[in-house]
Amino acid sequence: MFPRKVGDAWEIQAPAKLNLCLEVLGRRDDGFHSLQTLMVPVRVYDQLRYRSAPARELELRVRNLLPQPQAANLLGSNDNNLILRAARMLGTKAEILPKGTFELIKRIPIQAGMGGGSSDAAAALLLMNKAWNLNYPLKQLAPLAAELGSDVPFFLGHGAAVCRGRGELIEPIDRLPKMHFVVAKPPQGSSTAEVFGCLPSTDQSITARESLANRSLHHLVQSLQLGTVAQAGRWMTNRLEDGAAQLAPWLTRLRELFAGIGCLAHFMTGSGSAYVGVMRSAHHARHTAQRLRNLKTENGFEVGHVFATSSC
Ligand code: C5P
């Protein structure tokens with residue numbers, strides 16, 4: 001994500017992410033959960049543009065390209081929208097009163113577990129850092145990002161990473177192969193807080209969980225770095241999936257559906273509701289997405305918005 005000048009505006013592309021594995025290590029005293037997850041940015045982008053206008057209150061205009069008609073409402077009002085909060089937060093740090101207009105072209109599905117809101121927030125920090133000529137290094141932006149949301153710090157970087165803590169401790173991972181995915185985002189969204197609230201209790205200690213999680217993460221990263229994506233698929237799991245399946249019955253249907261379409265692996269991303277299949281090639285991903293779109297499903301079950309994408 002690099003801001004660039006377009007006429008009198010600044011513009012940035014904000015990618016989505018997928019969680020290739022997600023383990024919950026335990027609940028923390030602050031109510032959040034300790035995580036270990038491998039996240040990869042993927043080629044689905046929101047576009048954020050900022051134009052300074054000293055006479056105008058800071059505002060956000062959204063152009064929704066999603067098949068979710070209620071997208072604009074889900075983005076939050078002026079006070080709690082993450083883009084405006086990010087700009088105001090950076091403004092406070094820099095002693096600048098933010099004025100002007102943001103335009104957001106929305107392509108990343110909302111309430112999908114694909115990090116759209118977090119990516120937009122990180123994009124706003126990077127954009128304003130440039131537009132206001134602040135040139136703060138990433139380590140000064142990172143605490144603001146972490147305050148805005150658990151996934152926001154990941155999007156300040158430019159590649160795959162293992163994220164730990166609440167999600168804000170980032171270890172970049174390089175040499176991952178290009179991966180191809182098919183994603184199904186059902187009409188129902190998913191609330192991150194509710195999904196975390198459905199985690200089954202466990203007798204395992206945090207240390208035992210950590211050691212198991214480290215082992216499978218090691219296998220996952222190593223298999224990917226060797227280019228053996230099919231083998232890596234064995235280690236692609238999401239601890240939040242069973243809880244999410246209690247809240248949303250469609251998840252079990254998606255699991256069954258994806259088990260029959262020749263994926264190398266399939267899983268829910270983040271806290272859902274998007275479900276992901278890892279495919280052999282870009283062609284295979286596109287072809288499978290088309291097949292899923294044409295599928296006639298029963299009993300009111302809708303696969304929803306289906307598309308192919310790949311890692312950045
Ligand atoms: O940080 P973020 O706003 O994305 O978190 C949304 C909600 O998800 C939190 O309020 C919390 O209930 C849950 N969460 C959690 N542990 C995390 C991240 C999120 O319990 N590591």
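Residue numbers start at 1 and run along the sequence shown. Whatever order the structure lists ligands and atoms in, that order sets their numbers, starting from 1.
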Using a 4.5 Å cut-off on heavy atoms from C-beta on, say whether the side chain of [Y] contacts that of [X].
X      : Y      : value
Phe2   : Leu127 : no
Pro186 : Val303 : no
Leu25  : Leu35  : no
Phe267 : Thr237 : no

Contact between [X] and ligand 1, counting heavy atoms under 4.0 Å?
X      : value
Gly167 : no
Gly31  : yes
Asp151 : no

What atoms of ligand 1 come within less than 4.0 Å of a heavy atom belonging to [X]?
X      : result
Gly149 : 1 (O)
His33  : 15 (C), 16 (N), 17 (C), 20 (O), 21 (N)
Leu35  : 21 (N)

Nearest non-hydrogen partners of Leu134 and Met128, listed with the distance: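 Heavy atoms only, the tightest pair is CD1-O, 4.2 Å.
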Ligand 1-proximal atoms of Phe32, by part, heavy-atom distance under 4.0 Å: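 Answer for Phe32: both.
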What protein heavy atom lies closest to [atom]? Include the residue and the distance to one decimal.
atom                    : answer
atom 1 (O) of ligand 1  : Ser150 OG, 2.6 Å
atom 13 (C) of ligand 1 : Phe196 CD1, 3.5 Å
atom 6 (C) of ligand 1  : Thr192 CG2, 4.0 Å

Min N/O separation Arg166 to ligand 1 under 3.5 Å: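 Checking ligand 1 against Arg166, an N or O pair does fall under 3.5 Å apart.
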Donor-acceptor contact present, side-chain Glu241 to main-chain Met268, <3.5 Å: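 Yes: the side chain of Glu241 pairs with the backbone of Met268.
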Lys106 bridged to Asp46 by N-O distance under 4.0 Å: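 The answer is yes: the pair qualifies as a salt bridge.
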Tyr275 six-ring face occupied by Lys185 cation (under 6.0 Å, within 45°):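 The answer is no, since Lys185 fails at least one limit relative to Tyr275.
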